[in-house]
Amino acid sequence: MDMLKNLPTKTFTSPAGRTVVSQEPGVWADLPAPVQAASAPSIDLEATSTSAHAFELMTDIAPNGAAAIDVTIAWGDGTADTFAAQVATGQTDLRITRHKYGVVGSFDIKVTARDTSHAVDFVNQLRVTTLGAEFTPHAPTRLLDTRLGVGGPLAKVPARSTVALKVAGAGQIPAGASAAVLNVTVTSTTDTGHISVQPSKYLAERATTSNLNYVAGQTVPNLVIATVGADGYVYLFNAGWQPVDLLADVTGYFAPTPASGYKSVPQTRIVDTREGLGAPLGQVPGLTNFDVAVVGRNGVPSGVTAVAINLTVTDPKGDGHLIAYPSGQATPTTSNVNFVGGQTVANAVIVPVGVDGKITIRNGSWNSADVVLDIVGYYTPDSRSALAPVGVPIRILDTRVPSSGRPAGPVPARSYVNLALEGDTTAPDVDGWVLNTTVTNTKGAGFLSVAPDPNFWSNYKDGTAVTPQRPVSSTLNWTADATVPNVAQTPGGKGGIIDFWNQGWEAADLLVDMLGYYQSN
């Protein structure tokens, strides 16, 4: 399937009534004013986004009776398209013109029609904003902590209730931000539930998807690339039946202005303290830091502003948390991974990079722990791959229910399930997909890997698909009877296919929600 055809778009309109007419001495100008008003030429405009950078512009041009018209579409970026048409009496010229902007942003489209038969010019215009937005890093900052009254009331979020979090205009996030990178954490839990993050209170309280799941006594973080509502807020809904505390830390935002675009890389492990990879061999002592050079690793070039990583703690000797932040800066009062003794927990992180090309990892526990770090992508001013958030997360896979010809049933142990998000193509339109993955109904320990598939979908249909190589990196880890979420940022394979591997020894159910995608065109 081609997922892009089913995703939301943005539409901008300027109705015919906004047309401005200017006239020269001539036949039409000599008509009485009431006659002119009744037959005034007009242009109706509607622009619909078709990708992160592109639009389809519908022009419906109605001249004064039969006329020859010359039309100019000035796109607002210094380029223009022109066409001429002959319009019969009682008819209009209706057509679609496509345009791709080289950068994201807001542009004023001006359509001018010259009625050469009656010496009349008429104009309409509209402002459009690209669906795509580029990334700007933000120093890790706590925007919400209900335990302290930061960003909201000093109180737990009641059961089945919503907290409104001001994002656009908070900290150094501009009013025009379309999405924010938040590490959302739920804590002080006394029952089972989940948290949904949405751009409006109405959507949050009616969401059919979740961003993080929790059980009693658990502290759970998850990365959320949250679409910001028109009012500048995001809304966090506690779908459980008991009150909880919520924390939200920001590390960056997306806005429709040129900044840094995304670049996917094959998920690669660059730190594993169990093996002495990228860090000293042995557990990281409590309350200590270590630096990780990301520039020059796994194809990450100099000049990057942030990296997308998967950060995992394993075999911790006590409760605590990990913090990822730019090297050379003071340790922030935020967290990225929270854990209890003996737990293995992974969380996606988008972390700004220090001027020396490094990030710092701090073990905020009083006890030692092993740390694993996989890099999945980076943000750079040299890329124009912009995020197109879907606004409201869309569930595209739930193995508990049948869908798209796939019967209901968990992903078997040591096996994988795949999703074709684009049609067979050697040049995918999407550079990377942003997916919230959740594993549930687990019967034993295991971990999930997410990777691009080497086949076309047609290979699976005709039985010629080769078995993909089993990945070695993990996206999330689980134990028996757990429900665990984490965000995966991954490219599709050459056919736009993504594989989700159950690396455990027992079957488990998998849920996948679409949060957005990165696109260069």
Side-chain angles (χ1 to χ4, degrees), residues 2 4-132 176 178 230 256-257 386 388 429 519 521:
D2 190 346
L4 292 178
K5 295 179 180 179
N6 301 311
L7 294 179
T9 59
K10 294 171 70 173
T11 299
F12 305 84
T13 61
S14 184
R18 294 183 58 189
T19 304
V20 176
V21 181
S22 61
Q23 58 195 49
E24 297 178 5
V27 176
W28 191 76
D30 294 336
L31 295 174
V35 177
Q36 289 188 20
S39 58
S42 65
I43 304 173
D44 190 19
L45 300 179
E46 181 176 283
T48 301
S49 60
T50 57
S51 72
H53 294 80
F55 286 89
E56 288 185 345
L57 176 67
M58 183 206 75
T59 53
D60 191 3
I61 302 176
N64 175 36
I69 56 172
D70 293 326
V71 180
T72 299
I73 303 174
W75 294 103
D77 60 354
T79 67
D81 285 323
T82 61
F83 63 87
Q86 185 72 43
V87 183
T89 301
Q91 301 296 312
T92 66
D93 182 84
L94 176 65
R95 65 180 68 200
I96 299 291
T97 306
R98 295 171 176 84
H99 184 72
K100 185 182 106 173
Y101 291 98
V103 296
V104 299
S106 295
F107 302 90
D108 293 311
I109 301 175
K110 182 178 181 180
V111 179
T112 303
R114 171 74 174 176
D115 180 344
T116 59
S117 302
H118 301 97
V120 175
D121 290 331
F122 47 113
V123 179
N124 199 355
Q125 60 186 13
L126 80 169
R127 167 161 283 206
V128 299
T129 301
T130 57
L131 185 63
S178 56
T257 53
D429 285 332
Q519 202 171 42
N521 55 28

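Nothing fancy with the numbering, it's 1 onward along the sequence.
Applying the side-chain hydrogen bond (donor to acceptor under 3.5 Å, both in side chains) test to every pair with at least one member in residues 65-75, sequence neighbours left out, gives these pairs: W75-D81.
Atom-to-atom distance recorded for I43:CD1 and T59:OG1 is 8.0 Å, nearest 0.5 angstrom. Here the NZ-OG1 distance, from K100 to T130, works out to 12.5 Å after rounding to the nearest 0.5 Å. Residue Q86 holds its CD atom at 9.0 Å from CD1 of I69, rounded to the nearest 0.5 Å. Of the inter-residue distances, the one linking D108 atom CG with D77 atom CG reads 11.0 Å to the nearest 0.5 angstrom. The CZ atom of R114 lies 15.5 Å from the OG1 atom of T82; values are rounded to the nearest 0.5 Å. Distance check: R98 CZ to L57 CG gives 11.0 Å after rounding to the nearest 0.5 Å.
Between the side chain of D115 and the backbone N or O of P63, no donor-acceptor pair lies under 3.5 Å. Put simply, the side chain of T50 never gets that close to the backbone of E56: no donor and acceptor are under 3.5 Å apart. The backbone N or O of A52 lies less than 3.5 Å from a partner atom in the side chain of Q519, making a donor-acceptor pair. Remark: the backbone N or O of N124 is not paired with any side-chain donor or acceptor of T19 at under 3.5 angstrom. Within the 3.5 Å criterion, the main-chain N or O of A68 finds a donor-acceptor partner in the side chain of T116.
Qualifying ring pair (Phe, Tyr, Trp, His ring centres under 6.0 Å) partners for F107, counting only residues two or more places apart in sequence or in other chains: Y101. Under the salt bridge (charged side-chain N to carboxylate O under 4.0 Å, His left out) criterion, D44 pairs with no residue, sequence neighbours left out.
The heavy-atom pair separating P41 from V21 by the smallest distance is O-CG2, 3.8 Å. Across every non-hydrogen atom of M58 and L94, the tightest pair is CG-CD1, 3.6 Å. Considering all non-hydrogen atoms of both residues, V128 and A47 come closest at CG1-CB, 3.7 Å. Counting all heavy atoms, side chain and backbone alike, A62 lies closest to T92 at CB-CG2, 3.6 Å. Considering all non-hydrogen atoms of both residues, S117 and A67 come closest at OG-CA, 3.5 Å. Pairing each heavy atom of L126 with each of S14, the nearest pair is CB-CB, 3.8 Å.
The neighbour count for K10 NZ, taken as heavy atoms of other residues, nucleotides or ligands under 6.0 Å away, is above 12.
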Audit row: D429, N521, side chain to side chain contact (heavy atoms under 4.5 Å, CB included) steps and yes/no: CA-CA 8 Å; D429 285 332; N521 55 28; 4.0 Å; yes
Chi angles and distances behind the salt bridge (charged side-chain N to carboxylate O under 4.0 Å, His left out) call for R95, D93: CA-CA 7 Å; R95 65 180 68 200; D93 182 84; 2.9 Å; yes
Trace of the side chain to side chain contact (heavy atoms under 4.5 Å, CB included) decision for I109 with L45: CA-CA 10 Å; I109 301 175; L45 300 179; 5.6 Å; no
Residues L131, F55; criterion side chain to side chain contact (heavy atoms under 4.5 Å, CB included); working and verdict: CA-CA 9 Å; L131 185 63; F55 286 89; over 6 Å; no
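The shortest distance between side-chain heavy atoms of V71 and V111 falls below 4.5 Å. When side chains are defined from C-beta on, T97 does not count as touching H99, because their heavy atoms never get closer than 4.5 Å.
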